[in-house]
Amino acid sequence: MRVLGNKDDDDAAPAASQDTASFLRRLAGPSIMKAGLAKDQTEINRIIAEASKGSKFYENEKRKDKELTERIARIIKARDDVLREADIGTSLAKMEVQRDLSQIIVHVDMDAFYASVELLDDPSLGDKPFAVGHGVISTASYAARKHGVRSGMAEFVARKLCPQLVVVPCHFSRYMELSRQVMDIFRRYDPTMCAAGCDEGYLNITPYCEEYMLSADDCVRGMRETVFRETKLTVSAGIAPNKVLAKICSDRNKPNGQFALDFTPAAVKAFMHDLSIRKIPGVGRVNERLLDSVGIQTCGDIYTHRATLALMDKYFGLHFLLQTYLGIASNVVQPGQREERKSIGAERTFHTISSKEDILRKLEEVAAELNEDLERTGWTGKTVTLKYKLDTYQVFTRAKSFDRWISTKKEDLFATGKELLLPELPLRLRLIGLRVMKLKDLRVDADKPGSIRRFFENAGSSPRKKRRLSVAGQKEPNDPDELQLTQDGYEDAMPGFYEHEDLERDGFDEADHDANLPTSKPTSAATEHTCPVCARTWATDNAGLNAHVDYCLSRGAIREAQQTASGAPGVLKPLTLGAKVGKRKSQYQ
DNA sequence: GCGGATCAC
DNA sequence: TATGGTGATCCGC
């Protein structure tokens, strides 16, 4: 870099040099920025420099400017070193080479599953806004969603949003029964399909389409029609070259629709470019905020801010984000295996208790439940973890490991839990749980994967694939040069208390934030709607309304509803820097 | 190995 | 008045 005042150079007119310009500004003094609009500050600076030239003061200023210039150069070099090290261009090129478009992956997702089953069993629910759950909403009917009712929402909040809401209790055995029926249909199209919870799954329909000379779209349409014909349940589907894309696509034309991505790199990248980062599995509310803090809202922004991300790899996980930017992920579909289970536990929420007797009674109940589950499913383990939640909702865990397989007897589980809990007292508790980890399978002849019995036995578990193609003598799986696109993910989680959010078709996903405001243009079937949360009215369709309601709710409207209801101030959870984005083995590698 | 935190379903 | 249960993974220590 050039610095003003090289001996040979004094009479040159280096006005074009950035460094020179900055030195002239420096020389002009620290108050220059406050000087307001001088008529020609550059000319003034030149005159000042001319007047000072040769003085000790001038030489000292020149030295300090040189040092600053060098300091900046070191910083820039450090940045460039990091970027060179990260070598994003090469990384992207390597990833691109590994892109596999040969497999047709489908994500199938039942529409408002629990609610649809309830409607099936009680047609009188008709078009009424209703929800399934108790205390907390498991699933809202589409009519209820129009009022802003969402899964995971407290029932009292839901009633505030929709006073005429009908809430029916869960009938898990019915859901499991229909889930099994539907999964059996899916398996006709891919025998090794992977159930992901009771209401969704991943299929590889490449062999099926080939055998029956079907397009992917026709195959999936037929599959969805079959499900409806045999169960009267509707299912939405996404068709794409990998699981992450398929999952995002299945949300696109919900309910009772399907969406196929073109199987070309250009189409995939275009699809990703404007997609909200929040749509990426693994990016939840926290990571969304963290990424937003460095200017990333869409997957396209990943590339825009790649330098920042390279510098902050430790916090964000550059590899994961670059894969996301390119729309590259695993396309391996296979059923979850029993031996992949990592832990088994039981926990219960109750009204706040604080007496030692009450607390120990609850602990004992939880120990009894866990004992049942362990014995029924044939597991033991080496580590017992106690979990408790204070009446402030803060959660704590305490663990104890043994050098032997533990007894799964209720009394022994209770004793270990007690040992962990007593030192913590006194406490005001609203939840107690026990979990056993480092499992040992007591059933040597485990049921075959995909069997009905296995499905029910595993209820509540969510085994995830670790490393799929780890064949002895093969390439080291962690070789950074070897992109592991064969890594599996989204293995079958079993039914949770409620199904995940499933929004209606949107036109919201890839829109920017402004598009979530009532000023956004309606797509089709636009009529006058009023947001149940912010009370604004505008012309939109159901999808637009839902998108807006989600936006509203995500901006703290739930808290407001609570305050209105309880008169108590909402509690903002602190933002913490937790696990970095991605690096989820189940998804990418 | 432990505890906190995040995420999915 | 009032907000779930099960399981996985990652990080820092």
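Throughout, a chain's letter reflects where its sequence line sits, starting with A, and its residues are numbered from 1. Quick note: numbers below take in every heavy atom, side chains included, and nothing from hydrogens, waters or symmetry partners. Not measured: the values here are computed from a predicted model.
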Please check: side-chain N/O of A:Ser179 versus main-chain N/O of A:Asp199, any donor-acceptor pairing under 3.5 Å?
no
At under 4.0 Å, does any side-chain N or O of [X] touch on OP1 or OP2 of [N]?
{"X": "A:Ser401", "N": "B:dC2", "result": "yes"}
{"X": "A:Thr397", "N": "B:dG4", "result": "yes"}
{"X": "A:Arg430", "N": "C:dT3", "result": "yes"}
{"X": "A:Lys279", "N": "B:dA8", "result": "no"}
{"X": "A:Ser343", "N": "C:dA8", "result": "yes"}
{"X": "A:Thr349", "N": "C:dG5", "result": "yes"}

Touch check for A:Arg435, heavy atoms < 4.0 angstrom, all strands: base, sugar-phosphate only, or nothing?
base
Give the nucleotide from the list [options] with an atom nearest to the side chain of [X].
{"X": "A:Asn287", "options": "B:dG1, C:dG5, B:dC7", "answer": "B:dC7"}
{"X": "A:Arg398", "options": "C:dT3, B:dG3, B:dG1", "answer": "B:dG3"}
{"X": "A:Arg278", "options": "B:dC9, B:dA8, B:dC2", "answer": "B:dA8"}
{"X": "A:Arg341", "options": "C:dA8, B:dG1, B:dG3", "answer": "C:dA8"}
{"X": "A:Lys342", "options": "C:dA2, C:dA8, B:dC9", "answer": "C:dA8"}
{"X": "A:Glu347", "options": "C:dT6, C:dT3, B:dC9", "answer": "C:dT6"}
{"X": "A:Val286", "options": "B:dC2, B:dC7, C:dG5", "answer": "B:dC7"}
{"X": "A:Lys314", "options": "C:dT3, C:dG12, C:dT6", "answer": "C:dG12"}
{"X": "A:Ala399", "options": "B:dG3, C:dT3, B:dG4", "answer": "B:dG3"}

Can a cation-pi geometry be assigned to A:Lys382 and A:Trp405, taking NZ or CZ under 6.0 Å from the six-membered ring centre and within 45° of the ring axis?
yes
Per nearest nucleotide of DNA chain C, the residue lying toward the 5' end, A:Gly135 or A:Lys387, is A:Gly135
Which sits closer to the 5' end of DNA chain C, A:Ala346 or A:His351, going by the nucleotide each is nearest to?
A:His351
How close or far is atom [atom2] of [N] from atom [atom1] of [X], stated in whole angstroms?
{"X": "A:Leu420", "N": "B:dG1", "atom1": "CG", "atom2": "C1'", "value": "13 Å"}
{"X": "A:Lys382", "N": "B:dC2", "atom1": "NZ", "atom2": "C1'", "value": "17 Å"}
{"X": "A:Met110", "N": "B:dC9", "atom1": "CE", "atom2": "C1'", "value": "15 Å"}

Let's go through A:Val106 and A:Tyr189 carefully: what are the C-alpha distance in whole Å and the side-chain angles of both, what is the deciding distance for side-chain contact (heavy atoms from CB on, under 4.5 Å) to 0.1 Å, and is it a yes or a no?
CA-CA 10 Å; A:Val106 179; A:Tyr189 294 80; over 6 Å; no
Could you check whether A:Glu177 pairs with A:Arg180 (Lys NZ or Arg NE/NH1/NH2 to Asp/Glu carboxylate O, under 4.0 Å)?
no
Salt bridge or not between A:Arg289 and A:Asp292? Use side-chain N to carboxylate O under 4.0 Å.
no
